[in-house]
Amino acid sequence: MLFVAGGGAVHAASNPELDRFYKQSLEWGSCDEYAGGAGLSAAGIECARVTVPIDYDRPDGPTARIAISRLRADGARVASVLTNPGGPGAPGLAFPRRLAEKSALAQRFDVIGVDVRGLGASTPKVECLTPEEFQAQRQDLDVDTSPTGIAQTEWAHADYAAKCVQRTGLELLGHVGTREVARDFDVIRAVLGDDKLTYFGGSYGSKLGAAIAEMFPNQVRAMVLDAAMDPAADFLDPAYSVLGFQRAFEAYAADCAEHADCPLGHDATTGLRNLLDPLIERPAATADPRGLAYPDALDAVTTLLYSEQTWPVLTKGLAELAQGRGDTLLTVADKRADLADADLHNAVKCLDGFRHADRAAAAAADRRAREAAPAFFDGPGTGQAPLGLCAFWPVPPTSQPHVPAVPGLPKTVVVATTGDPATPYAGGRKLAEYLGAALITNTGFVHGAALQGNACIDGPVLTYLIDLVPPASITCGGS
């Protein structure tokens with residue numbers, strides 16, 4: 001099923017049974033009782049919950065409670081701005097504080113954070129693994145592409161999906177996709193008292209923005225989509241983003257080679273594999289008794305490629321690894337694991353993506369990924385590959401990648417970075433074309449550039465959000 005096109009088709013007025021959700025009142029209060037809300041009230045942020053139907057086609061059925069936060073404008077208020085930090089699965093309640101620390105957004109807007117349905121302080125939650133099971137999964141190598149290894153991986157996928165059903169239930173599990181979240185955002189907009197939506201979303205938040213633009217084009221006031229994704233791209237294809245990380249690694253390696261302490265040697269890809277591959281057999285020693293396992297090491301490397309500012313930490317971690325220690329990289333992997341909810345992340349991706357159930361196609365996709373990004377794979381593989389998790393997902397998709405139809409959408413703004421490792425620049429360009437948006441190009445290697453303190457980007461973005469004057473398509477230097 002594709003996203004519903006046209007705002008009127010899904011607006012509350014088309015279904016009077018939704019009126020009670022659109023007309024509910026909010027009770028703002030302390031965030032201290034909310035999961036992930038510690039310290040927010042002290043920062044001037046208040047929290048509330050919005051009730052929405054789990055299934056919008058059954059508004060008289062079970063409901064969810066969406067946790068939201070608000071940092072009030074400290075100047076002449078323009079509107080509320082709803083935000084999404086990405087993921088899918090990144091908690092949103094603290095996002096207004098982060099934006100206020102780095103930009104002037106909160107001077108003119110009530111900045112609204114949202115824990116999307118199934119996440120964080122919102123209830124009910126998507127729950128698949130216990131904390132202990134999640135830690136064990138982090139140690140799963142998942143690199144064996146022999147017939148035995150493929151069978152084990154696919155068994156693990158099926159077992160994970162079964163645990164999701166057991167602990168979450170099919171109803172919620174089938175209704176946490178981007179299509180449903182977009183509808184929640186329209187309800188939140190109305191409950192906040194805004195006739196039109198002002199929105200800022202980064203990374204996956206740009207995909208959510210594209211869905212909102214398609215479903216509710218006439219309800220949009222202004223929209224800024226950063227680290228933008230191509231909503232028509234097959235993001236479940238393993239080759240989708242690895243090329244971006246390979247390019248970021250090559251840029252990092254060129255910078256590293258200029259320093260005497262670079263641990264990679266003359267051939268950076270070979271140098272990285274020489275450091276990582278031994279971890280497949282034996283984790284590196286750490287002060288933590290777990291040690292640094294191969295999956296955590298690989299995850300830490302990709303995490304540190306998200307921004308040029310963290311390249312020195314990557315050099316430190318790799319230099320330690322060359323000495324047989326993994327403390328720095330394990331610390332990074334731990335922090336990464338805390339950033340987003342993996343269970344919700346998987347649920348949303350499987351509801352939004354093309355399901356790949358053809359083994360020949362899976363093998364071909366694995367070959368493409370290995371050829372595109374040799375730094376991130378342990379060799380050329382066997383020519384075979386397991387089916388991905390989503391092939392075993394127990395509920396059907398609620399949307400699939402496609403070019404959004406947005407008649408009536410006002411001018412929006414897309415921000416894309418030339419060397420973004422996670423959401424390639426070409427995807428941001430395409431999204432700008434689909435939406436007829438102004439494109440701000442940031443040069444450099446970073447994932448997310450708007451409202452981060454870069455005056456070349458933030459000035460036009462804030463002017464647009466406040467005065468609805470979109471910028472010309474411009475290019476800004478720096479990350």
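FYI, side chains are in, hydrogens and waters are out, and symmetry mates aren't considered; it's all heavy atoms of this structure. Since this is a predicted model, take the numbers as computed values, not measurements.
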Determine whether more than 12 heavy atoms belonging to other residues, nucleotides or ligands lie under 6.0 Å from atom NZ of Lys102.
no
How about NE2 on His259, more than 12 heavy atoms from neighbouring residues, nucleotides or ligands closer than 6.0 Å, or not?
yes
Report yes or no: does [X] contribute a side-chain atom to a donor-acceptor pair with the main-chain N or O of [Y] at less than 3.5 Å?
X: Asp230; Y: Lys430; answer: no
X: Glu214; Y: Ala211; answer: no
X: Asp352; Y: Thr178; answer: yes
X: Thr441; Y: Thr475; answer: no
X: Ser122; Y: Ala67; answer: yes
X: Tyr240; Y: Ala422; answer: no
X: Asn346; Y: Ala342; answer: yes
X: Asp115; Y: Gly92; answer: yes
X: Glu320; Y: Gly326; answer: no
X: Lys196; Y: Asn218; answer: yes

Among all residues two or more places apart in sequence or in another chain, which pass the salt bridge (Lys or Arg N to Asp or Glu O under 4.0 Å) test with Glu46?
Arg70, Arg72
Hits for side-chain contact (heavy atoms from CB on, under 4.5 Å) against Asp334, two or more places apart or cross-chain, chain-then-number order -> Arg138, Arg290, Leu330
Residues forming a side-chain contact (heavy atoms from CB on, under 4.5 Å) with Ile280, sequence neighbours excluded:
Leu141, Val143, Asp277, Tyr294, Asp378
Please report the shortest heavy-atom distance between [X] and [Y], naming the atom on each side.
X: Ser69; Y: Ile45; answer: CB-CG2, 3.7 Å
X: Asp195; Y: Gln219; answer: O-NE2, 3.4 Å
X: Leu351; Y: Val176; answer: CD1-N, 3.6 Å
X: Pro471; Y: Ala438; answer: O-CB, 3.3 Å
X: Ile440; Y: Pro460; answer: CD1-CB, 4.3 Å
X: Ala210; Y: Leu225; answer: N-CD1, 4.3 Å

Using side-chain heavy atoms (C-beta onward) and a distance below 4.5 Å, is [X] in contact with [Y]?
X: Ile68; Y: Leu26; result: yes
X: His157; Y: Leu387; result: no
X: Pro380; Y: Arg370; result: no
X: Pro404; Y: Leu435; result: yes
X: Arg117; Y: Val181; result: yes
X: Val116; Y: Asp184; result: no
X: Lys349; Y: Leu389; result: no
X: Phe376; Y: Val242; result: no

Knowing that exactly one of Val81, Leu465, Ile466, Asp74 qualifies, which makes a side-chain contact (heavy atoms from CB on, under 4.5 Å) with Arg108?
Ile466
Test applied, side-chain contact (heavy atoms from CB on, under 4.5 Å); reference residue, Arg221; option that passes from Val78, Asp194, Leu197
Val78
Just by distance, with hydrogens left out, do [X] and [Y] show a side-chain donor and acceptor under 3.5 Å apart?
X: Ser103; Y: Asp458; answer: no
X: Gln246; Y: Glu250; answer: yes
X: Arg247; Y: Tyr425; answer: no
X: Thr423; Y: Tyr204; answer: no
X: Asn84; Y: Tyr199; answer: no

When rounded to the nearest 0.5 angstrom, what is the spacing between [atom1] in [X] and [atom2] in [Y]?
X: Thr398; Y: Gln400; atom1: OG1; atom2: CD; value: 9.5 Å
X: Leu99; Y: Leu71; atom1: CG; atom2: CG; value: 9.5 Å
X: Leu321; Y: Thr328; atom1: CG; atom2: OG1; value: 10.0 Å
X: Leu329; Y: Leu314; atom1: CG; atom2: CG; value: 7.0 Å
X: Ser41; Y: Asp32; atom1: OG; atom2: CG; value: 4.5 Å
X: Leu236; Y: Cys350; atom1: CG; atom2: SG; value: 6.5 Å

Determine, step by step, whether Thr315 and Trp311 satisfy the side-chain contact (heavy atoms from CB on, under 4.5 Å) criterion, reporting the C-alpha distance in whole Å, the side-chain angles of both residues, the deciding distance to 0.1 Å, and the verdict.
CA-CA 6 Å; Thr315 297; Trp311 288 359; 5.6 Å; no
Residue pairs meeting ring-ring contact (aromatic ring centres under 6.0 Å, His included), one or both in residues 88-113, sequence neighbours left out, come to none
Check the orientation of Tyr252 and Phe249. Use parallel for under 30°, tilted for 30 to 60°, and perpendicular for over 60°.
tilted
One pair to check against side-chain contact (heavy atoms from CB on, under 4.5 Å): Val406 and Tyr434. What are the steps and the verdict?
CA-CA 8 Å; Val406 291; Tyr434 301 156; over 6 Å; no
Assess whether side-chain contact (heavy atoms from CB on, under 4.5 Å) is satisfied between Leu119 and Val126, documenting all intermediate values.
CA-CA 7 Å; Leu119 173 70; Val126 170; over 6 Å; no
With sequence neighbours excluded, what pairs up with Thr302 under the side-chain hydrogen bond (donor to acceptor under 3.5 Å, both in side chains) test?
none
Suppose the criterion is disulfide (SG to SG under 2.5 Å): which pairs have a residue in residues 189-266, not counting sequence neighbours?
Cys256-Cys262
Step-by-step side-chain contact (heavy atoms from CB on, under 4.5 Å) determination, Leu192 to Leu82
CA-CA 10 Å; Leu192 290 169; Leu82 274 70; 3.6 Å; yes
Could you walk me through whether Arg189 and Asp186 pass the salt bridge (Lys or Arg N to Asp or Glu O under 4.0 Å) check?
CA-CA 5 Å; Arg189 168 203 62 76; Asp186 192 57; 2.9 Å; yes
Mark yes or no: Arg49 above the aromatic ring of Tyr34, with NZ or CZ under 6.0 Å from the six-membered ring centre and no more than 45 degrees from the axis.
yes
Taking the six-membered ring for Trp, is the centroid-to-centroid distance between Phe245 and Phe445 below 6.0 Å?
no
